[in-house]
Amino acid sequence: MRFVSTRGDAPELGFTDVLLAGLAADGGLYVPERWPELPDLSSATSYVDTAVAVIETFVGDDIAPDDLRTLCSDAYGTFRHAATCPLVQIDDRQWLLELFHGPTLAFKDVALQLVGRMFDHALAQRGERLTIVGATSGDTGSAAIDGVKGCDNVDIVILYPAGRTSDVQRRQMTTVDSPNAHAIAIDGNFDDCQDLVKAMFNDAAFRDEMRLSAVNSINWARVMAQVVYYVTASRALDGTSTFCVPTGNFGNVLAGWIAQRMGAPIADFIVASNSNDILTRFINDADMTAREVVPTLSPSMDIQVSSNFERLLFEMNGRDGGITAEQLGRFRSSGRLDVEADQRTDFIDGTFRAARYDDEATLAEIGRIHAETGMLVDPHTATGTAAARDLAGDRPVVSLATAHPAKFPDAVERATGVRPTLPPHLADLFDRPERTQTLPNDLATVQQFVRSVSRAG
Ligand SMILES: *Cc1c(COP(=O)(O)O)cnc(C)c1O
């Protein structure tokens, strides 16, 4: 399997090179040269079996089959539920797909526990080192750090928006006692952090000197790992189902679209957003205009430029990287993305529906779920269950539960009067010392910091 850039101007690479590169050299995102069919899963009896079979279709010969199985069983062995990603029924036709049983309590562990191990495996084989830089609105950072902590060949620098993550999210990043892990607060919002990361990658000399790599959701391997739970969940239900996805960078819902494309029995998707509703406006009103990011109770969705949307856009453009690059250039300069009417008919209508929920509606939904089922859901998950309730048709609807409620205890308590407790392995989180510093939203300053901690340069 070879991989091509969505901007059409970077070399085609194999899986391991794509894994280690993150972003393509032309600023685009890597996608497989073609979408494979789902493999025969009749003998898959566990999450790990399905993961190995699905991931093999993308990895090919780049990872030996036995090694891939070890990587998957080690990664999903860190999950505290025997099913890894259990499907829990909450009413006559609604299910929650619980993706938060990993070490940092958010769905990003599903990808990053595996991707961190894949990095280590590939670098050890090549005798190389690299530096991961990433931006986080909260959950990616802790999941990325947990995925590579203690890794000999990787240093990781994670930028987060100062004051805009929850205390739990920040502490999960800043209390990791591993010399290769650095969580840095930036005076700015998540898009500023993401822009700094993109700028570091676009500085070719710096990128090469530091051997920069990314593990934020632009990394193909993350999207790939997320395809797996759409396959296990859709196959567990009778007939085809609707998946409802709380969305920020569009990575998670894109993984679902890929699973559907590979043949998983998925009818369509509901995209749920908070007040930062660029995707909802695009899907419902053909209006993709970037606005100011407003902070909400679901900070991991406080995003106005959804970087993974580029992968769908590439498909909408008939996989023409030149047109995609041009269109994105216009979006960057004008703040507005325009697509043709027939592209909407072919790719959006019938496949994606969308709804947005502000903080008040999110709290009301957390309260409603608790009153009706006794369950606590986090604010991200609640935007999804609200959308599932408002937009579902006759099919079963699977809402993705993207974070554990104890990651956002204040909002959950406000909505229900009940304060969710951290699971035992994180019970002493608030007693652990923090290690962090704040840097200005300035490229040169951030680059200087990365240079000072990287062992790759
Ligand atoms: C990252 C995250 C999201 C958004 O996922 P994307 O792949 O960026 O769309 C939603 N909920 C939680 C809890 C997250 O951590």
Side-chain angles (χ1 to χ4, degrees), residues 29 96-112 115 134-147 158 160-161 164-166 168-170 172-173 190-191 193-194 214-227 229-230 243-258 269-274 276-280 282-283 293 296-312 352 354 356-357 362 366 377-387 399-408 411-412:
L29 311 188
L96 272 188
L97 179 58
E98 292 185 349
L99 303 175
F100 53 69
H101 293 282
T104 74
L105 311 180
F107 88 94
K108 295 185 172 76
D109 288 329
V110 180
L112 287 166
V115 171
T136 187
S137 54
D139 290 336
T140 313
S142 50
I145 287 173
D146 202 278
I158 293 292
Y160 63 93
R164 301 209 187 182
T165 62
S166 76
V168 175
Q169 287 179 319
R170 190 193 65 250
Q172 282 185 315
M173 292 187 275
F190 170 65
D191 285 342
C193 296
Q194 190 153 270
V215 293
N216 50 8
S217 64
I218 56 176
N219 192 305
W220 161 254
R222 276 188 57 184
V223 176
M224 173 189 75
Q226 291 171 201
V227 172
Y229 50 72
Y230 285 94
F243 277 73
C244 183
V245 190
T247 302
N249 255 321
F250 202 73
N252 204 1
V253 65
L254 180 83
W257 181 88
I258 293 167
F269 300 93
I270 298 171
V271 169
S273 51
N274 61 25
N276 299 291
D277 60 347
I278 186 167
L279 286 167
T280 297
F282 175 68
I283 289 167
V293 177
T296 71
L297 295 175
S298 41
S300 298
M301 295 157 62
D302 289 350
I303 288 165
Q304 279 290 356
V305 180
S306 301
S307 42
N308 257 298
F309 188 76
E310 179 166 343
R311 288 188 162 108
L312 187 67
F352 297 102
R356 86 184 264 282
Y357 297 90
T362 302
I366 297 172
V377 294
D378 98 287
H380 304 79
T381 304
T383 63
T385 57
S399 291
L400 273 51
T402 52
H404 191 289
K407 263 195 123 150
F408 303 93
V412 174

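Computed from a prediction, not measured in an experiment: that's the story for all the values here. When a ligand or atom number is given, it counts from 1 through the structure's own listing order. For this chain, numbers begin at 1 and follow the sequence in order.
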Asker: Closest non-hydrogen protein atom to atom 11 (N) of ligand 1, residue and atom name please, with distance?
Answerer: T402 OG1, 2.9 Å

Asker: Number the atoms of ligand 1 from 1 as they appear, then name those within less than 4.0 Å of a heavy atom of P246, with their elements.
Answerer: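 Reading through ligand 1 atom by atom, the close ones are 4 (C), 10 (C).
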
Asker: Considering both backbone and side-chain atoms of Q226, is one of its nitrogen or oxygen atoms within less than 3.5 Å of a nitrogen or oxygen in ligand 1?
Answerer: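 Q226 vs ligand 1: no N/O contact under 3.5 Å.
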
Asker: With a 3.5 Å distance limit and no angle check, can you tell me whether T247 reaches the backbone of V245 through a side-chain donor-acceptor pair?
Answerer: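 At least one qualifying donor-acceptor pair exists.
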
Asker: Quick check: closest heavy atoms across L279 and S306, and the distance to 0.1 Å?
Answerer: CD1-OG, 3.4 Å

Asker: Picking from D277, N276, T383, what satisfies side chain to side chain donor-acceptor pair (under 3.5 Å) with R356?
Answerer: D277

Asker: Check whether any N or O atom of I303, backbone or side chain, sits under 3.5 Å from an N or O atom of ligand 1, and answer yes or no.
Answerer: no

Asker: Using modelled atom types only, decide if a donor and an acceptor are shared between the side chain of N249 and the backbone of S307 within a distance under 3.5 Å.
Answerer: yes

Asker: Can you find an N or O of K108 that's nearer than 3.5 Å to an N or O of ligand 1?
Answerer: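 Yes, since at least one N or O of K108 sits under 3.5 Å from an N or O of ligand 1.
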
Asker: How far does OG1 of T362 sit from CE of M301, to the nearest 0.5 angstrom?
Answerer: 7.5 Å

Asker: Rounded to the nearest 0.5 Å, what's the gap from CG on L112 to CG on D146? Could you check?
Answerer: 9.5 Å

Asker: Hey, what do you get for CZ (F100) to OG1 (T402), rounding to the nearest 0.5 Å?
Answerer: 9.5 Å

Asker: Should one rank N249, L400, L254 by closest heavy-atom distance to atom 8 (O) of ligand 1, which comes out on top?
Answerer: N249

Asker: Using a strict 4.0 Å cut-off to heavy atoms of H380, name the atoms of ligand 1 that fall inside it.
Answerer: 11 (N), 12 (C), 13 (C)

Asker: Only heavy atoms of G248, strictly under 4.0 Å: list the atoms of ligand 1 that pass.
Answerer: 4 (C), 6 (P), 8 (O), 9 (O)

Asker: Which bit of F107 is near ligand 1, meaning a heavy atom under 4.0 Å away: side chain, backbone, both or neither?
Answerer: side chain

Asker: Please report whether ligand 1 has a polar contact with N252, defined as an N or O pair separated by less than 3.5 Å (distance criterion only).
Answerer: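 N252 vs ligand 1: N/O contact under 3.5 Å present.
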
Asker: Taking only heavy atoms of T247 into account, list the atoms of ligand 1 that are under 4.0 Å away from them.
Answerer: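 The atoms of ligand 1 under 4.0 Å from a heavy atom of T247 are 9 (O).
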
Asker: Any donor-acceptor pair under 3.5 Å linking the side-chain atoms of R311 with those of N308?
Answerer: yes

Asker: Distance to 0.1 Å, residue and atom name: give those for the protein heavy atom nearest to atom 13 (C) of ligand 1.
Answerer: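 It is D139 OD2, 3.0 Å.
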
